[in-house]
Amino acid sequence: MNARLSISERALAGLAPAAEAAAPAYLEGLNDEQREAVLATEGPVLMLAGAGTGKTRALTTRLAHILFMRLAEPWQLLAVTFTNKAAREMKERIGALIGERVEGLQWLGTFHSIGAQILRRHAEVVGLKPSFTILDADDQVRLAKQVIEAAGLDEKRWSGRGLASVIDGWKNRGLTPDKVSANEAWHFAEGKGVSLYSAYQERLKTLNAADFGDLLLHNITIFQRHPDILAQYQDKFRYMLVDEYQDTNVAQYLWLRLLAQKRRNICCVGDDDQSIYGWRGAEVENILKFEKDFPGARVIRLERNYRSTPAILSAASTLIAANKTRLGKTLWTEATDGERVKVRGVWDGEEEARLIGDDIEAEQGKGRGLSDMAVLVRASFQMRAFEERFLTLGLPYRVVGGPRFYEREEVRDAVAYLRLVRSADDDLAFDRIANKPARKLGGQTMQQIHAFARAQNLPLTAASRILIESDDLGAASRGALRRFIEMIDRWAGAAENLSPRDLTELILDESGYTDYWKNNKSAKADSKLDNLKEVVQAVSEFDTLAAYLDHVALVADRSEAEAGGAVWLMTLHAAKGLEFPVVFLPGWEEGVFPSQRSLDEGGAPALEEERRLAYVGITRARESCRVSFAANRQMYGRWQTSLPSRFIDELPEDAVEVVSQPGLYGNAAASLPSHSRFDATRLEEDSYYDNPGWRRARAASARPGVAAPMIEGRAREVSVSAGAPKFAVGARVFHDKFGYGRVILAEGQKLTVDFEHSGAKKVVDSFLKGA
DNA sequence: TCCGAGCCACTTTTT
DNA sequence: GTGGCTCGGA
């Protein structure tokens with residue numbers, strides 16, 4: 001074991017005869033595994049950190065420790081994260097430990113921001129100028145579209161979006177056009193995929209631009225072509241730290257491996273059970289094969305959980321154990337009590353939203369803060385039911401996600417002006433704002449400019465300069481184009497003397513862009529103007545236009561209003577890394593979660609990823625975790641009957657409490673003339689409720705004492721209303737699925753209707769409208 | 001240039 | 001059910 005002691009471990013041991021006594025204060029309060037993760041500074045380390053096990057603490061302490069021990073200076077540490085938020089938090093927490101030296105951590109950031117930093121220094125190696133523009137997803141799609149157009153392909157059949165995503169996929173896997181296999185080239189446009197990819201890359205070079213994928217891919221190319229450059233970084237980075245390693249894609253993996261090859265002081269932190277980004281290129285494989293990639297790697301498991309109750313942990317652990325491809329670890333806690341995971345079956349999506357709303361109000365009544373509660377959904381379309389319900393209740397809520405500030409039309413327009421002023425070759429920016437506001441540069445004129453630029457192989461601005469001196473354009477268009485180009489030139493000149501803020505104000509004013517929205521009478525105009533002011537505000541925080549534009553492209557965080565007192569509503573993906581005392585997990589139905597589409601497209605591995613998503617969901621909860629599923633759900637305007645999610649069956653019985661309502665099934669059903677409402681649904685599909693989860697739900701609800709309704713009052717309402725028929729025999733009705741018909745038999749809620757097109761069917765009254 | 005009709009698709013989404 | 005996009009006409 002001694003041989004495996006790291007420099008820092010030996011250093012610490014050598015500090016004093018009693019190492020314990022000499023241990024620095026920052027090691028106090030760490031458990032054994034965390035401490036091991038902090039001290040094992042030398043050689044490859046894989047830190048498998050389960051949910052809620054104090055990962056962030058361990059890794060920030062580790063970095064601080066390296067600095068305290070003077071094993072490296074701040075600028076010799078490479079620490080990569082996926083999100084800006086994670087990078088920021090890490091920096092703050094290290095700062096709290098080491099003080100102002102934290103400012104020297106210039107290589108702490110996201111993969112993309114660090115990739116961009118390196119690329120700016122060696123841009124010429126891959127044919128770019130150091131001032132290259134970073135394109136966002138939207139620009140990428142536009143560019144891809146142009147490439148498809150230029151190749152004369154049917155744009156309906158082959159969308160820009162499609163090409164962009166195929167190219168993205170290749171870039172995520174570290175493939176430059178020459179490395180894409182012939183077989184894969186068929187993934188797009190019948191074999192033209194690769195030539196389109198090459199054309200796309202050529203266009204990027206002409207535009208002096210890089211997309212997100214390029215930021216890393218170009219790095220790899222540079223490292224491979226110039227071993228001397230690689231060696232320089234290998235020497236520089238004495239210690240490397242990678243957060244969320246399970247989310248790395250192949251390109252990121254290759255990048256890391258190149259950099260770590262020499263010193264091998266790489267510490268990857270992650271949790272294979274929380275890998276939920278496979279669909280955008282993440283390879284769980286990376287974390288699974290770490291020990292193979294780095295022989296002699298030390299694997300440290302953080303399994304002691306400080307977040308959740310035993311029942312929540314047991315539910316999560318049992319569920320995730322059904323996955324085959326995992327390294328395996330078991331969370332444990334010293335906590336002993338706490339409530340079990342509640343599983344509730346409801347009639348439909350609306351009722352689910354209503355009951356969760358009631359639960360939230362009940363918790364609030366008990367003194368729980370609203371921001372202590374979160375509703376986590378699989379897909380954003382599920383949010384609507386909750387928003388509607390919360391609005392009705394007047395319950396403050398906050399949606400995390402959605403369109404981000406820098407993705408909004410007006411913000412992108414304003415930024416496009418700035419981009420064009422900074423880099424005249426930025427054709428995408430030119431295209432975007434040349435005629436916004438309208439300045440007589442309509443589609444006709446723009447097409448002529450494009451055609452000329454393409455023929456001469458020039459950027460649009462350069463082409464425009466020539467065109468305004470020629471007679472190729474009509475007098476009106478020529479004048480309009482001249483005024484536009486002169487405006488750009490004037491701003492570019494002004495940029496020398498003005499602060500970014502003043503320049504931005506000047507541009508927004510002189511271009512007429514602000515007036516464009518002032519004159520717009522739509523309801524959106526006000527908020528658009530506000531957002532423009534926000535842009536000016538944001539710009540004024542930067543010393544140079546270039547710095548601002550990089551910020552926009554790379555650090556464009558969603559602006560999350562930090563207002564307390566609101567229930568959280570977000571997707572499971574967005575919830576990763578967060579925790580809440582009370583978590584609601586609605587929509588656990590086959591088809592919704594696991595998502596049918598995911599299963600169709602990804603098969604067994606995709607199912608495992610869905611299961612990991614369920615695991616992430618459950619482990620967000622500290623005290624209370626409430627899963628629910630609906631028997632019926634309206635999707636895309638159609639009613640669908642659904643099966644409880646297989647994940648519900650995978651939860652351990654003893655950690656779960658099934659909470660159901662009378663009137664749905666169980667006791668109250670017995671009081672109905674012949675069938676429960678659920679029996680009525682069985683008429684349509686007999687096997688739906690013949691599965692273990694459902695049988696268990698029924699059995700549990702029949703057991704007295706276990707199935708106490710969560711909200712008694714409401715539940716009783718449901719059961720009381722269960723007997724009242726809504727339509728009389730002979731009534732004309734409308735059904736979403738079957739159309740018009742006439743009621744021929746009524747038994748409580750269960751009606752037999754003779755439909756005009758599909759004949760007699762047994763249906764439930766709630767699916768019917770009067771007609 | 002702008003607006004409405006028709007058509008389509010529709011998980012997750014950082015950088 | 002809904003929103004986004006395209007196309008054609010005013």
Side-chain angles (χ1 to χ4, degrees), chain A residues 80-87 109-116 119 134-141 145 155-157 159-162 164-165 168 171-172 210-217 243-244 247-249 251-252 275-282 349 376-385 388 400-404 406-407 409 435-444 520 522 550-558 570-577 587 591-602 606 609-610 612-614 616-617 633-640 736:
Chain A
V80 271
T81 62
F82 273 86
T83 65
N84 292 299
K85 192 172 156 215
T110 62
F111 275 103
H112 295 272
S113 70
I114 290 171
L119 184 56
I134 299 167
L135 300 189
D136 64 18
D138 205 80
D139 292 324
Q140 259 182 76
V141 173
K145 211 169 154 180
E155 289 164 60
K156 290 233 176 67
R157 196 150 137 62
S159 67
R161 173 172 290 283
S165 104
D168 241 17
K171 288 187 176 177
N172 283 339
D211 64 19
F212 282 122
D214 282 343
L215 295 178
L216 282 165
L217 198 52
D243 193 15
E244 305 282 11
D247 287 335
T248 51
N249 61 35
Q252 287 155 342
S275 166
I276 55 176
Y277 285 105
W279 49 275
R280 65 178 198 212
L376 311 181
V377 297
R378 176 60 183 69
S380 42
F381 73 81
Q382 295 170 266
M383 289 185 189
R384 225 185 64 194
E388 275 170 15
V400 175
R404 290 176 302 154
Y406 286 103
E407 281 165 7
E409 177 191 7
N435 203 34
K436 201 166 179 190
R439 42 176 81 92
K440 303 247 160 64
L441 294 172
Q444 196 66 30
N520 189 304
S522 79
D550 262 13
H551 167 86
V552 171
L554 291 170
V555 198
D557 262 352
R558 57 189 77 224
M570 66 186 96
T571 63
L572 287 160
H573 283 92
K576 194 169 83 154
V592 175
F593 190 38
S595 140
Q596 191 56 49
R597 179 149 176 191
S598 179
L599 263 39
D600 290 347
E601 288 174 10
E609 182 153 315
E610 294 284 305
R612 292 193 290 266
L613 203 45
V616 167
R633 193 173 287 279
Q634 209 174 5
M635 281 176 86
Y636 306 133
R638 299 218 145 263
W639 277 101
Q640 286 188 325
D736 274 319

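First the proteins, then the strands, lettered A, B, ... as listed; each starts at 1. For the numbers below, each heavy atom of this structure counts, side chains included, while hydrogens, waters and symmetry mates do not.
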Asp600(A) and Gln596(A) side chains, donor-acceptor separation under 3.5 Å: yes

Touch class at under 4.0 angstrom, heavy-atom based, for Phe212(A) against every strand present: base

Interface limits on DNA chain C, where chain A has a heavy atom under 4.0 Å of a nucleotide atom: dG1(C) to dC7(C)

Sugar-phosphate only, base, or nothing, as touched by Lys436(A) at under 4.0 Å among non-hydrogen atoms: nothing

Sugar-phosphate, base or nothing in reach of Arg161(A), heavy atoms under 4.0 Å: nothing

Nearest heavy atoms of Ala116(A) and Leu554(A), plus distance in Å: CB-CD1, 3.7 Å

Thr571(A) vs dT13(B): side-chain N/O to OP1/OP2 distance below 4.0 Å: yes

Partners passing side chain to side chain contact (heavy atoms under 4.5 Å, CB included) against Arg439(A) (at least two apart in sequence or in another chain): Tyr417(A), Asn435(A), Pro437(A), Leu441(A), Phe484(A), Met487(A), Ser511(A)

Under 5.5 Å and under 30°: Trp279(A) stacked on dT12(B): yes

Interatomic distance where CE belongs to Met383(A) and P belongs to dC10(B) [whole Å]: 18 Å

Salt bridge (Lys or Arg N to Asp or Glu O under 4.0 Å) partners of Glu409(A), counting only residues at least two apart: Lys436(A), Lys528(A)

Rounded distance (Å) that lies between atom P of dT12(B) and atom CD of Glu609(A): 14 Å

Atom pair distance, as rounded to whole Å: NE2 in His551(A) and C1' in dT15(B): 13 Å

Rounded distance in Å - CG (Asp214(A)) to P (dT15(B)): 18 Å

Ser598(A) to Ala606(A) - nearest heavy-atom pair and separation: O-CB, 3.3 Å

Shortest non-hydrogen separation from Gly587(A) to Val592(A) and the atoms involved: O-CG1, 3.4 Å

Presence of donor-acceptor pair under 3.5 Å, side chain of Arg378(A) and base of dT12(B): yes

Length of the CG-P vector between Leu572(A) and dT12(B), whole Å: 11 Å

Touch class at under 4.0 angstrom, heavy-atom based, for Glu601(A) against every strand present: base

Stacked cation flag Arg280(A) on Tyr277(A), 6.0 angstrom / 45 deg: yes

Gap between atoms CG and P, on Asn172(A) and dT15(B) respectively (whole Å): 15 Å

Any donor-acceptor N/O pair, Glu388(A) side chain to Ala385(A) backbone, under 3.5 Å: no

Nearest-Å distance for atom pair NZ/C1', residues Lys85(A) and dT13(B): 15 Å

Atom-pair distance (CD on Glu407(A); C1' on dT15(B)), nearest Å: 11 Å

Options dT13(B), dC10(B), dT15(B), nucleotide nearest the side-chain atoms of Thr83(A): dT15(B)

Sugar-phosphate only, base, or nothing, as touched by Ser598(A) at under 4.0 Å among non-hydrogen atoms: base

If you restrict it to nitrogen or oxygen atoms, what contacts under 3.5 Å exist between nucleotides 1-3 of chain B and the protein, and what is each distance?
| unit_1 | atom_1 | unit_2 | atom_2 | d |
| --- | --- | --- | --- | --- |
| dT1(B) | OP1 | Asn435(A) | ND2 | 3.4 |

All side-chain hydrogen bond (donor to acceptor under 3.5 Å, both in side chains) counterparts of Glu609(A), not counting sequence neighbours: Arg612(A)

Residues which pass salt bridge (Lys or Arg N to Asp or Glu O under 4.0 Å) with Glu244(A), listed by chain and number, not counting sequence neighbours: Lys55(A), Lys576(A)

